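All remarks here apply to the structure that follows.
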Amino acid sequence: MRRDLRLRALEGQLLSHLLRQGARKLLAWLGLSLLAWSLGQLGFVLLGPPAWASSALLLGLLSLAPLALFWPDEEGTLLRELRRLDPDTTLEAWLGARPGPARDLLCLRARQVDEGLGFRKMPGAPGFYRGLGRLFSLACLGLAVLQLVALLVLHHPLLAWSAAEASRTRATGLGRAIEEEASPGQAEAYRYAEEEERQAPDASPWREGLSAEEGELSLGQGTSLARRLGKGEEASAAEAEAKSEPSPGEAGPGPGSLPGLGQGREDQAGPGIEMAGAGGGTAKDAPRKGQGGKAGAGQGFSGSGPMPSDSPLESYLTRLLGADTSSPGKSKTASRDLGLAELRAFERRYFLSLSLGPGLLRRDSGRALQLKARWKALKGRGR
Amino acid sequence: MRRALAVLAVAAAGLGSWLVLAKLEPALGGGLVLSACLEEAMKVLMLGMALVLGRSLGQAPGKALLLGLMAIGVFAAAENLAYLLAFQSPDILERLLWSEPIHLVSGLAWALGLGGLARGPDRLVARLLAFLGLGALALAWHLGLNLLAIGPLPSPGREGHGLALALAGLGNGLAIFMLGRSFVQRVIIGGFLYGED
């Protein structure tokens with residue numbers, strides 16, 4: 001090391017140059033991160049992953065900031081800066097000189113140049129923003145595309161994928177479709193449980209009595225009944241049936257406790273929830289969406305207590321009337337403008353109901369026949 | 001091509017070192033002190049290997065050490081993501097103010113010490129002492145903040161947690177700035193202007 005002279009001003013200039021380069025690298029990282037963030041959020045909107053995916057993306061991008069800071073500069077960047085600061089190459093000549101009289105002479109001159117550097121106002125190095133404009137334009141374009149897609153799919157702008165968005169998207173739209181494709185859904189589980197139930201030996205006198213009459217219900221009747229009952233109604237009817245069977249009010253395992261299409265998730269306002277809350281009340285009493293949990297307590301949830309009516313038929317009719325007359329809630333209100341996601345969800349549910357027709361028909365036939373048998377029995381008793 | 005290879009090598013070194021430590025630490029019984037010592041040893045190893053490889057390829061010590069620091073950055077990022085997979089909660093982002101800067105501070109301290117040693121055999125004892133002092137600083141910083149995190153630091157949600165986190169972030173930031181500036185001045189600019197002794 002040449003200890004006879006330390007070029008402090010030159011060192012300072014080179015340091016500020018490297019700090020500028022560091023700032024430039026951080027800006028480039030910021031632009032790239034914005035672009036990656038937009039693309040990531042776009043993917044989240046379309047795929048509906050769990051909320052922590054957003055945290056993972058943020059954590060990953062922020063964790064990579066030091067890499068941008070430590071990224072080595074191009075070869076020769078310091079040499080170019082040195083030649084820009086000292087176009088006469090006096091400093092370079094002194095730095096490269098071998099020990100001897102010539103070097104001592106150069107040392108004097110180098111000291112003067114270095115002292116001059118401390119007082120001279122140097123123009124900023126060109127090319128600081130080179131390429132950054134394009135990168136940030138691309139990042140802005142990515143953000144714009146993200147907002148557009150978010151407005152189309154979620155109906156509001158989106159900057160970060162949150163837990164609320166994740167649950168909302170799982171409840172409707174593509175996220176749920178993907179989720180159901182990935183794992184056997186509740187419909188599958190219900191069908192499987194139904195098959196199990198059918199195949200299991202049933203000593204119930206009901207079933208024995210019904211089996212003789214099974215052919216009585218025509219296809220048209222079954223279909224119309226299935227459509228009328230809908231999905232949640234069916235689950236509620238099954239629940240009423242389970243409640244009324246051995247001893248009223250006593251919770252027991254029955255078809256109503258099976259997960260069905262009408263039973264939505266907890267975060268999903270499904271008709272099944274509404275209907276469960278409506279059980280035992282009149283049409284006016286039928287609680288709206290969101291009130292089912294409270295209003296339904298003691299009114300027909302399995303394990304929640306005795307039902308007001310011990311008669312399964314009364315219970316069924318009450319529920320059916322409730323279903324027909326009460327407002328089905330926000331999710332079924334057709335008078336307002338439907339968003340694209342809701343429209344897709346309704347379309348999906350509609351076609352799903354068509355595809356499940358035979359299954360529903362078989363199952364509903366059984367229930368309808370059970371009810372029919374009871375209806376007949378009651379009528380017979382009444383007469 | 002060389003740049004792409006360097007990036008690949010950095011990523012492989014960072015991820016590989018994290019995988020090795022993820023297996024090694026539980027096998028040796030874990031513990032804060034042991035973990036900190038093993039991680040610091042891994043950092044010195046990565047920086048030393050970067051220095052030796054870089055010199056054999058004709059790179060300046062500063063540039064080689066920067067690649068080693070990048071590998072430490074990859075190591076810290078891998079650790080962050082591993083923690084996120086284990087604890088999927090938003091407060092995992094607090095690691096960016098606490099845990100990740102610890103690795104950067106200690107990495108910079110080691111790099112500064114190694115950069116001094118790479119300047120040549122002149123004044124070797126003084127440089128060796130400086131290297132050991134900076135290494136002790138790195139280990140103390142790592143261990144001290146880890147002990148603080150499980151000890152007197154208020155846990156998330158408690159009163160004072162945010163303040164402690166902000167103070168730690170500020171301290172880490174200042175340490176990174178000072179060590180980074182010193183590294184650039186002494187190792188990169190000093191190496192470029194004056195070369196080896």
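Worth knowing before you read on, the calculation uses all heavy atoms, side chains too, and leaves out hydrogens, waters and symmetry mates. All chains are named by letter (A, B, ...) in the order of the sequence lines, taking the proteins before the strands, and each is independently numbered beginning at 1. Quantities reported herein were computed from a predicted structural model and do not represent experimental measurements.
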Leu7(A) versus chain B, heavy atoms under 4.5 Å apart: side chain, backbone, both or neither?
both

Give the ring-plane orientation class for His142(B) versus His103(B), where under 30° counts as parallel, over 60° as perpendicular and anything between as tilted.
perpendicular

Engaged part of Leu79(A) at the chain B interface, taking heavy atoms whose separation is under 4.5 Å
both

Measuring heavy-atom distances to chain A, does Ile176(B) have an atom under 4.5 Å in its side chain, in its backbone, in both, or in neither?
neither

For Trp94(A) and Arg103(A) the tightest heavy-atom approach is CD1-O, 3.7 Å

Applying a strict 4.5 Å limit to non-hydrogen atoms, the region of Leu59(A) in contact with chain B is both

Taking atom types as modelled and ignoring hydrogens, do the side chains of Gln21(A) and Arg24(A) form a donor-acceptor contact shorter than 3.5 angstrom?
no

Select one option (side chain, backbone, both, neither) describing which atoms of Glu74(A) are under 4.5 Å from chain B's heavy atoms.
both

Between the side chains of Arg84(A) and Glu81(A), is the shortest nitrogen-to-carboxylate-oxygen separation below 4.0 Å, so that they form an ion pair?
yes

Which region of Leu81(B), side chain (C-beta onward) or backbone (N, CA, C, O), has a non-hydrogen atom less than 4.5 Å from a non-hydrogen atom of chain A, or is it both or neither?
both

Pairs of heavy atoms under 4.5 Å with chain B: top-ranked of Pro66(A), Gly22(A), Gly12(A):
Pro66(A)

So which residues of residues 65-75 of chain B are in contact with chain A at a heavy-atom cut-off of under 4.5 Å?
Leu66(B), Leu67(B), Leu69(B), Met70(B), Gly73(B), Val74(B)

Grab the two heavy atoms, one from Leu21(B) and one from Glu39(B), that are nearest each other, plus how far apart they are.
CD1-CG, 3.6 Å

Is the shortest heavy-atom distance from the side chain of Leu193(B) to the side chain of Leu10(A) under 4.5 Å?
yes

Identify whether the distance between the nearest side-chain nitrogen and carboxylate oxygen of Lys25(A) and Asp73(A) falls below 4.0 Å.
yes

Interatomic spacing from CG in Leu27(A) to OG in Ser33(A) - rounded to 0.5 Å
11.0 Å

I'd like to verify something: which residue of Leu82(A), Leu64(A), Leu78(A) has the highest number of heavy-atom pairs under 4.5 Å with chain B?
Leu78(A)

First locate atom CD of Glu92(A), then atom CG of Leu106(A), and finally report the distance between them rounded to the nearest 0.5 Å.
12.0 Å

To the closest 0.5 Å, what do you measure between CZ (Arg119(B)) and CG (Leu114(B))?
13.5 Å

